[in-house]
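Lettering follows sequence order; numbering is per chain, from 1.
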Protein chains: 2
Amino acid sequence: MEEKRYRLVQNFLKLQIQKGNFVVGSYLPSENELCTMFGVTRTTVRKGLDELTREGFIDRQHGKGSIVRDRRKSLGLLNVKGFSEAVGKDLSTVFVQHPKISLWNPDTHFAISEQEFKEKCIHFSRLRCVYEVPVMIEYNWFADNRLEGFSDIDFIEGSFFKTLSQHYHIEITGSEHELRSERVSNDIAALLKIPQGSPILHISVKFHTSKNNFFLYSELYCTTENYPIGSSYHL
Amino acid sequence: MEEKRYRLVQNFLKLQIQKGNFVVGSYLPSENELCTMFGVTRTTVRKGLDELTREGFIDRQHGKGSIVRDRRKSLGLLNVKGFSEAVGKDLSTVFVQHPKISLWNPDTHFAISEQEFKEKCIHFSRLRCVYEVPVMIEYNWFADNRLEGFSDIDFIEGSFFKTLSQHYHIEITGSEHELRSERVSNDIAALLKIPQGSPILHISVKFHTSKNNFFLYSELYCTTENYPIGSSYHL
DNA sequence: TAGTGGTCTAGACCACGCC
DNA sequence: GCGTGGTCTAGACCACTAG
């Protein structure tokens, strides 16, 4: 399929990183070592490493080497400030609904493709708390038949994305968001333990992945009074 | 300062694009032409073009050439859906406060550096409407002495960013956001013509720029009922 | 000083778009 | 067919890091 030599280097290294054979913070083989491993020149190896850098898998350090990076912090995605970033806070996640096969929920604001709609989907929802205080509820849907045996395996370190990467070698490649400020519904007010009718931040997300035609749909409802949602974008 | 040859190519082309000498949609000189223009090899020219691609200035088309791109749509920044994207809608912007020298406003949620705080700042605010209906009010602050003679010149096509690029060759390189869902204040409710106490989306933004230590601070208040805020991110 | 990544040359061949 | 960008080679020298 893909005969470009730099892709071979790139995909080989990516797979090793996804599998955990090169852990975060460790160094990849040097460029010269990769040259002999793959029988190519440095230009080709460097092109592969450039791509991995662009994808956020590695950082390169002049005079030292290429170091494996924690990608989850570099995606520019919306996340509760202090949730995945902050250390030393008491964070917790509880399932409101464990993953199970269900029907597509009409609540998703992004259009689901016909192809997806024909399939069953998997749904799960989680409540996110800081210091035991609920700050966000998250509803997720995705096409069932794309992730073989998903319901049966556990989330790696409580992270859906980490699970996708390590078990299925699927990465998040992008996302679309729609943001609304609404009055909270009574159901969600009860779950988040906030007064009825409070303003709440509603975020609809469509995640794009490295797997063809595989998307993740999420609806997030956040109380932003104490923990505003942060996001960042850099060139 | 910068002696790398690919930077020469990159910066030369970037400046021409910023000045409008290469307009959006036109083709840059071919790689071979650039080679002879700068007396370097294709590897070097291509490295410069790679950088421009990464920065969003150009797209490259196999067999055709490198085409100048409209960068403002590629930043993954938050913008009112249908504001800068949609065509055929009746969009308008009115100044609530024209640019003038003022004091730093304590309303900004991001910390302003000591260096900036010592300087005066320029402030302006604008009301954004769709079909004459106000949907967003925007307050902006930035350090005065960074943009010589700013108050006196007009916005290019009503765009602050376009003005920064063409007049000062400054580009937006990134941004940080904080999002909150709040009850609207009475002042803002009046400006946006919405009922008092309505939920409103409050976005604090710190824009990073290509000019050292120059940032733009914005506070946005958006009614999201009819026109939700959209954003997207792609690898 | 040895090893690493960063820049650069002077070629070559290929794949794509267009006439 | 010709010009374009995409991939690749086989070198070279430089800049940075570390023992």
Asker: Only counting residues at least two apart or in another chain, list the ones meeting side chain to side chain contact (heavy atoms under 4.5 Å, CB included) with B:T43.
Answerer: B:T41
Asker: Considering non-hydrogen atoms only, spot the tightest contact between A:V205 and A:L220 and give its length.
Answerer: CG2-CD1, 4.2 Å
Asker: Indicate, with a heavy-atom threshold strictly under 4.0 Å, whether A:R5 touches base, sugar-phosphate, or nothing.
Answerer: sugar-phosphate
Asker: Give a yes or no on whether the ring-centroid distance for B:F142 and B:F160 is below 6.0 angstrom.
Answerer: yes
Asker: Could I get the full list of side chain to side chain contact (heavy atoms under 4.5 Å, CB included) partners for A:N140, not counting sequence neighbours?
Answerer: A:F124, A:E138, A:S218
Asker: NA contact type, B:R42, heavy-atom cut-off 4.0 Å: base, sugar-phosphate, or nothing?
Answerer: base
Asker: For DNA chain C, which nucleotides open and close the run of contacts to chain A, 5' to 3', at under 4.0 angstrom from a non-hydrogen atom?
Answerer: C:dG3 to C:dT7
Asker: Tell me, which of residues 59-68 of chain A have any heavy atom that sits under 4.0 Å from an atom in DNA chain D?
Answerer: A:H62, A:G63, A:K64
Asker: Does the side chain of B:L179 reach to within under 4.5 Å of the side chain of A:T224, using non-hydrogen atoms?
Answerer: no
Asker: Taking only residues two or more places apart in sequence, or in another chain, which ones meet A:K14 in a side chain to side chain donor-acceptor pair (under 3.5 Å)?
Answerer: A:E55
Asker: Is A:E51 close to A:R7 at the side-chain level, that is, under 4.5 Å between some pair of heavy atoms?
Answerer: yes
Asker: Who passes ring pair (Phe, Tyr, Trp, His ring centres under 6.0 Å) against A:H208, sequence neighbours left out?
Answerer: A:F215, B:H234
Asker: Tell me every residue that passes side chain to side chain donor-acceptor pair (under 3.5 Å) with A:N32, counting only those two or more places apart in sequence or in another chain.
Answerer: none
Asker: Going by heavy atoms closer than 4.0 Å, what residues in residues 28-38 of chain B are next to DNA chain C?
Answerer: none
Asker: Could you pull out the closest heavy-atom pair between B:W141 and B:C121, with the gap in Å?
Answerer: CD1-SG, 3.8 Å
Asker: List for me each residue that meets side chain to side chain contact (heavy atoms under 4.5 Å, CB included) alongside B:K19, sequence neighbours excluded, and say none if there are none.
Answerer: B:L15, B:N21, B:H169
Asker: If the condition is side chain to side chain contact (heavy atoms under 4.5 Å, CB included), which residues does B:R60 pass it with, not counting sequence neighbours?
Answerer: B:E31, B:R46, B:L49, B:D50, B:T53, B:I58, B:S66
Asker: Listing request: all ring pair (Phe, Tyr, Trp, His ring centres under 6.0 Å) pairs with a residue in residues 13-39 of chain B, at least two apart in sequence or in separate chains.
Answerer: B:F12-B:F38
Asker: Based on the rotation axes of five pairs at each end, what angle does the helix from C:dT1-D:dA18 to C:dC18-D:dG1 bend through, to 10°?
Answerer: 20°
